[in-house]
Amino acid sequence: MARHLVTSALPYINGIKHLGNMVGSMLPADVYSRYLRLRGHDVLYICATDEHGTPAELAAKAAGTSVAEFCAQAHDAQKAVYDGFELAFDHFGRSSSHQNVEITQHFARKLWENGFIEERAISQVYSPVDGRFLPDRYVEGTCPHCGYDKARGDQCENCTRVLDPTDLLEPRSAISGSTELEIRETKHLFLLQSRLQHEVEAWVARHEADWPQLSSSIARKWLTEGLHDRAITRDLDWGVPVPADTWPELAAEGKVFYVWFDAPIEYIGATKEWADAAPDSERRDWKSWWYEADDTVRYTQFMAKDNVPFHTVMFPATELGVREPWKKVDVVKGFNWLTYYGGKFSTSQKRGIFTDAALETLPADYWRYFLIANAPESDDSSFTWEHFAATVNKDLADTLGNFVNRVLSFSRKRFGDEVPAGAAAGEVETKLGEEIARLLAEYEEHMDALQYRKAAAALRALWSAGNSYLEEKAPWLEIKTDPDGAALTLRTAMNLIHLYAIVSEPLIPTAAAAMRGAFALESDTATWVTPEEAKSLTTIQPGTPFTVPPVLFAKITDEDLESYRERFGGSDA
């Protein structure tokens, strides 16, 4: 089987992420990783917290703690939420790790040796009160376009205009609040992306056929506008230090690499973290996933559209420039936005549903299924509580949960705690097996193609096929005249439950485990059911003990909806 490397965009360290962040990167990556593992592939799913940059320093200052302590605590808090969502990372690292420092500095030295980095003098805002140069986000003021008085030196969050610190009206230091600012000259390192334009274009042309249109169109837009040389260092106290053996003057000034330069390298750094964390009895070869791995590893990345340029253009330029055989991405699965009642989720403004609050409200499977079934793939999608409740009640509670409960409860009531034998499979069961095989093949096709909405629809159709079979055979009537026929129906339905447990696991792992655990099989090592195997529906044999699990999914009532809207806001959000 192929080796699959899977990464999702690194969640930034400053705070718990919202549902839009979850569906835009980590959750679909987890669903795909789980699916690949079930199919028997060797999978490595890597992610990490993105810990450098000005927001981390500012958040630590607001919390009254050191940046290192703030990031350590925030990393653990985020990881706890992701564990709650059952994101099955092989490793969830930190971009502040010594592994990332070493590899980032290695990349920078190689780019310098190859002529793709140069020192340039630039004019930058300096605060005499703070005694330091101020990076873009350390300068605040009034936006000249919309008048928003808390605009940052890189962008106005209110009107989204891209800004330069010198554009701001009444600028002030975000550290001290001082308005005594000066413009001084300082030196920074620039990555000469313009010299790599043609190489990046050729690389994109070779790979974009495997990307969704969203990813390829964003990459093409950036390439059409032309790649510009960009500063890759900043005046910060927190970050990957510029190595003194290569740039002694800049290192003495305390320059660090800008977060957009080191964060993508952390995918490699986190893989080395994973290898270094191996127990003594296990050897993990991190480099085999990244170095000279083009023919042995298929690499798939997941991210929202705002991160696509960094991973389709900018980081590939970095990898090309080092002139070493580092693995470059094969597929970039980009996502549009998930909105909240048509408005933008906002971490800074606490608008929308955040992942910790989501888990406090309902179990992870509810969120996982809804988000994947409504993933913002071809366009933006909107979260509303009304849509969420309708999806949960119809698909999870009625179609799947009610099927499981009806079958197992009725069989236990009529035939006891073991799977009944009954008659041999007939024409209806043969027809059902063929339908299940067809739908399962469709589900596999969509999962392989990373078409999440279509995959969820195919999974829903698999569940519906069981309900249709049950309604057609009506064992509650059948048992009155043909007990063996009713036993066959229930035995077949129990095989469907076991099949559902296996193939539903990527989306709803907790419910899948409960369905699978309902049957006391001597050995249950099945990782997947092929369409051909699905035709027989004979895995669960007569005499197998079973139990009725607790209700898999509770319906969301009107009273629940009212309380959710009151807590999180509704149409006026």
Pair Y12, Q78: side-chain N/O donor-acceptor within cut-off below 3.5 Å: no

Under-4.0 Å salt bridge between K305 and D380: yes

N-O pairing of R565 and E386 below 4.0 Å: yes

Ring pair (Phe, Tyr, Trp, His ring centres under 6.0 Å) partners of residues 422-450, not counting sequence neighbours, each pair once: none

Donor-acceptor side-chain pairing of T312 and W211 below 3.5 angstrom: no

Residues E471, R406: salt bridge by 4.0 Å N-O rule: yes

Residue pair Y299 / T7, side-chain donor-acceptor N/O under 3.5 Å: yes

Closest contact, heavy atoms only, V548 versus N405: CG1-ND2, 4.1 Å

S215 side chain to G334 backbone, donor-acceptor under 3.5 Å: yes

Sole candidate of Y369, Y564, F370 that passes ring pair (Phe, Tyr, Trp, His ring centres under 6.0 Å) when paired with F388: F370

For L490 against P475, the heavy-atom pair lying closest together: CD2-CG, 4.3 Å

Salt bridge flag under 4.0 Å for residues E434 and K431: no

Residues D560 and T557: side-chain donor-acceptor under 3.5 angstrom: yes

Sequence neighbours excluded - salt bridge (charged side-chain N to carboxylate O under 4.0 Å, His left out) pairs with any residue from residues 445-460: D395-R460

Minimal non-hydrogen separation, P506 against V31, with atom names: O-CG2, 3.3 Å

Which atom of A56 lies closest to which atom of C71, heavy atoms considered: CB-SG, 4.3 Å

Nearest heavy-atom neighbours spanning F85 and A358: CZ-CB, 4.3 Å

Check: T49/E51 side-chain N/O donor and acceptor closer than 3.5 Å: yes

Full working for ring pair (Phe, Tyr, Trp, His ring centres under 6.0 Å) between F383 and H18: CA-CA 12 Å; F383 178 94; H18 55 66; over 10 Å; no

E273-S97 side chain donor-acceptor pair, cut-off 3.5 Å: yes

Minimum-distance pair of heavy atoms, taken over all atoms of F568 and Y340: O-OH, 3.1 Å

Residue pairs, two or more places apart or on separate chains, that pass ring pair (Phe, Tyr, Trp, His ring centres under 6.0 Å) and touch residues 506-562: Y35-W528, Y366-F553

Check against side-chain contact (heavy atoms from CB on, under 4.5 Å), L371 and L19: CA-CA 8 Å; L371 292 172; L19 292 184; 4.2 Å; yes

Electrostatic pair K473:D482 at N-O distance under 4.0 angstrom: no

Exceeds 12 heavy-atom contacts within 6.0 angstrom, atom CD of E427: no

Test item: N336 side-chain N/O and E377 main-chain N/O as donor-acceptor pair under 3.5 Å: yes

Non-hydrogen side-chain atoms of I436 and K535 separated by less than 4.5 Å: no

